Amino acid sequence: MNLLEINHMKKSFGDLEVIKDFSLSVKEGEVVSIIGPSGSGKSTILRCATLLETMDDGELLYMGQNAAKSVNGKSVYASKTELKKIRRFFGLVFQNFNLFPHYNVLKNIMDAPVTVDKVPKEEAKERALKLLEQLGLSEKGKAYPYQLSGGQQQRVSIARALALQPKILFFDEPTSALDPELTGEVLKVIKELAKEKMTMIIVTHEMQFAKELSDRIIFMENGVVVQEGTPDEIFHSENERIREFIGKIESVY
């Protein structure tokens with residue numbers, strides 16, 4: 001069974017058609033990267049998939065459960081109770097960390113399991129400490145976000161997403177707010193998660209990383225999928241636009 005299924009997603013903001021027709025199915029343990037120029041709809045796909053935005057039309061399923069169905073050319077969403085259950089299947093890591101500035105690192109990670117999933121505090125703390133150790137941040141539990149480097153903040157936000165024990169993790173340009181030195185430490189964490197067979201969908205401009213890590217890569221432009229395939233197929237694509245894009249990006253980074 002697919003962990004995630006998106007069928008014919010469409011999304012406009014006013015007159016601007018951002019997603020014209022997007023479909024994707026992801027199996028357990030798969031890593032899928034979405035690449036493409038700015039404004040191609042990549043982040044909007046993630047926001048719709050994680051219920052931060054509503055689709056205009058299309059179907060969204062997690063573990064076979066409908067979050068949204070298409071009825072007469074319009075997305076109709078499941079009840080609030082159903083969506084609350086479905087939200088537990090996924091975690092999202094933003095490009096700008098989005099940590100609570102007034103909470104220390106430990107409380108940032110424990111907050112959602114305790115308040116959303118009603119996990120007992122001791123268990124949530126144990127989970128958080130384990131994650132901090134796993135991500136090389138054992139000594140940072142009592143620190144506040146402003147006391148951390150960008151790379152450390154992003155690792156805390158990954159720990160926070162993992163604390164809810166999701167089946168699938170979404171990353172929206174996880175390194176775009178970081179300088180090159182700090183980018184490496186975040187990419188290393190994501191590579192470790194891939195080794196552990198964590199299912200991930202990653203919007204990224206890190207071409208080498210996408211090439212090494214992904215089972216599949218999707219190239220998007222103007223709200224549609226131009227090509228989907230293995231890293232080898234995408235990086236040796238005959239499509240002139242894809243070759244030009246990869247060449248430009250690789251020469252910048």
Side-chain angles (χ1 to χ4, degrees), residues 3-4 6 26 28 43-55 60-68 75 77-174 177-178 186 189-190 192-193 196 198-203:
L3 266 189
L4 168 70
I6 298 170
V26 182
E28 196 163 354
S43 292
T44 303
I45 287 167
L46 255 54
R47 291 181 68 80
C48 289
T50 54
L51 305 172
L52 291 173
E53 297 278 359
T54 53
M55 305 181 292
L60 176 64
L61 297 99
Y62 280 95
M63 315 271 289
Q65 291 183 37
N66 268 96
S75 289
Y77 280 79
S79 68
K80 272 187 178 170
T81 314
E82 284 303 305
L83 290 178
K84 194 177 176 186
K85 286 181 198 163
I86 286 167
R87 276 192 175 90
R88 292 185 175 161
F89 291 135
F90 60 79
L92 173 61
V93 178
F94 298 90
Q95 50 183 294
N96 295 324
F97 327 134
N98 285 23
L99 298 172
F100 295 118
H102 54 296
Y103 287 174
N104 68 20
V105 164
L106 203 58
K107 190 160 166 47
N108 260 290
I109 298 169
M110 288 171 60
D111 186 59
V114 172
T115 56
V116 179
D117 280 359
K118 308 295 178 230
V119 172
K121 266 191 177 164
E122 271 314 301
E123 190 188 323
K125 187 176 182 180
E126 207 175 297
R127 214 185 267 185
L129 290 170
K130 210 170 173 181
L131 284 165
L132 285 175
E133 189 183 343
Q134 188 186 335
L135 301 185
L137 294 164
S138 291
E139 74 295 353
K140 296 294 183 188
K142 289 184 176 152
Y144 284 82
Y146 77 90
Q147 297 171 309
L148 305 177
S149 71
Q152 288 168 335
Q153 288 188 57
Q154 191 58 296
R155 281 185 282 157
V156 172
S157 67
I158 293 171
R160 184 180 56 181
L162 288 169
L164 287 165
Q165 301 181 329
K167 297 277 186 202
I168 184 166
L169 258 191
F170 292 90
F171 291 87
D172 187 7
E173 298 274 16
L178 303 175
V186 172
V189 167
I190 299 172
E192 287 301 317
L193 291 172
E196 291 165 19
M198 182 78 205
T199 312
M200 294 185 278
I201 295 178
I202 306 167
V203 167

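Side chains are part of it too, since the values below use all heavy atoms of this structure and drop only hydrogens, waters and symmetry mates. Computed from a prediction, not measured in an experiment: that's the story for all the values here.
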As a quick check of understanding, evaluate side-chain contact (heavy atoms from CB on, under 4.5 Å) for L106 and L129, giving each step before the final call. CA-CA 8 Å; L106 203 58; L129 290 170; 3.8 Å; yes
Considering all heavy atoms, the nearest A67-L83 contact: O-CD2, 3.7 Å
Check: S149 main-chain N/O paired with Q152 side-chain donor or acceptor under 3.5 Å: yes
Closest heavy-atom pair and its distance - I109, A159: CD1-CB, 3.7 Å
Enclosure of E28 CD (heavy-atom neighbours >12, cutoff 6.0 Å): no
Is the shortest side-chain heavy-atom distance between M198 and P166 below 4.5 Å? yes
Using every non-hydrogen atom in the two residues, find where A49 and I6 come nearest and quote the distance to one decimal. CB-CD1, 4.2 Å
Under 3.5 Å, sequence neighbours excluded: what are the donor-acceptor pairs made by side chains of residues 87-100?
from	atom 1	to	atom 2	distance (Å)
R88	NE	D117	OD1	3.0
Q95	OE1	S176	OG	2.9

Quick one: closest heavy-atom pair of M55 and A68, and the distance? CE-CB, 3.7 Å
Is E133 paired with K130 through a side-chain N to carboxylate O contact shorter than 4.0 Å? no
For the residue pair L178 and P174, what are the closest heavy atoms and their distance? CD1-O, 4.0 Å
Are V186 and I158 close enough that some pair of their side-chain heavy atoms sits under 4.5 Å apart? yes
Let me confirm one number: the CG-CD1 distance from L4 to I168, rounded to the nearest 0.5 Å. 4.5 Å
Rounded to the nearest 0.5 Å, what separation is found between the CD atom of Q154 and the CG atom of L148? 12.0 Å
Hey, could you give me the CG/CZ distance between L132 and R155, rounded to the nearest 0.5 Å? 10.0 Å
K107 vs V114, side-chain contact (heavy atoms from CB on, under 4.5 Å): CA-CA, chis, key distance, verdict: CA-CA 10 Å; K107 190 160 166 47; V114 172; over 6 Å; no
Is the shortest heavy-atom distance from the side chain of Q134 to the side chain of E192 under 4.5 Å? no
Residues in side-chain contact (heavy atoms from CB on, under 4.5 Å) contact with E126, at least two apart in sequence or another chain: none
Would you check, one step at a time, whether the test side-chain contact (heavy atoms from CB on, under 4.5 Å) holds for L60 with L51? CA-CA 10 Å; L60 176 64; L51 305 172; 3.8 Å; yes
Using the rule given for side-chain contact (heavy atoms from CB on, under 4.5 Å), can you reason through V105 versus L137, listing the C-alpha separation, both sets of side-chain angles and the distance that settles it, and then say yes or no? CA-CA 9 Å; V105 164; L137 294 164; 5.8 Å; no
Side chain to side chain, T54 and C48, heavy atoms closer than 4.5 Å: no
Quick check: closest heavy atoms across R127 and A163, and the distance to 0.1 Å? NH1-O, 2.6 Å
What is the distance from atom CD1 of I45 to atom CG of D172, rounded to the nearest 0.5 Å? 10.5 Å
Once rounded to the nearest 0.5 Å, what's the spacing between atom CD1 of I86 and atom OG1 of T50? 13.0 Å
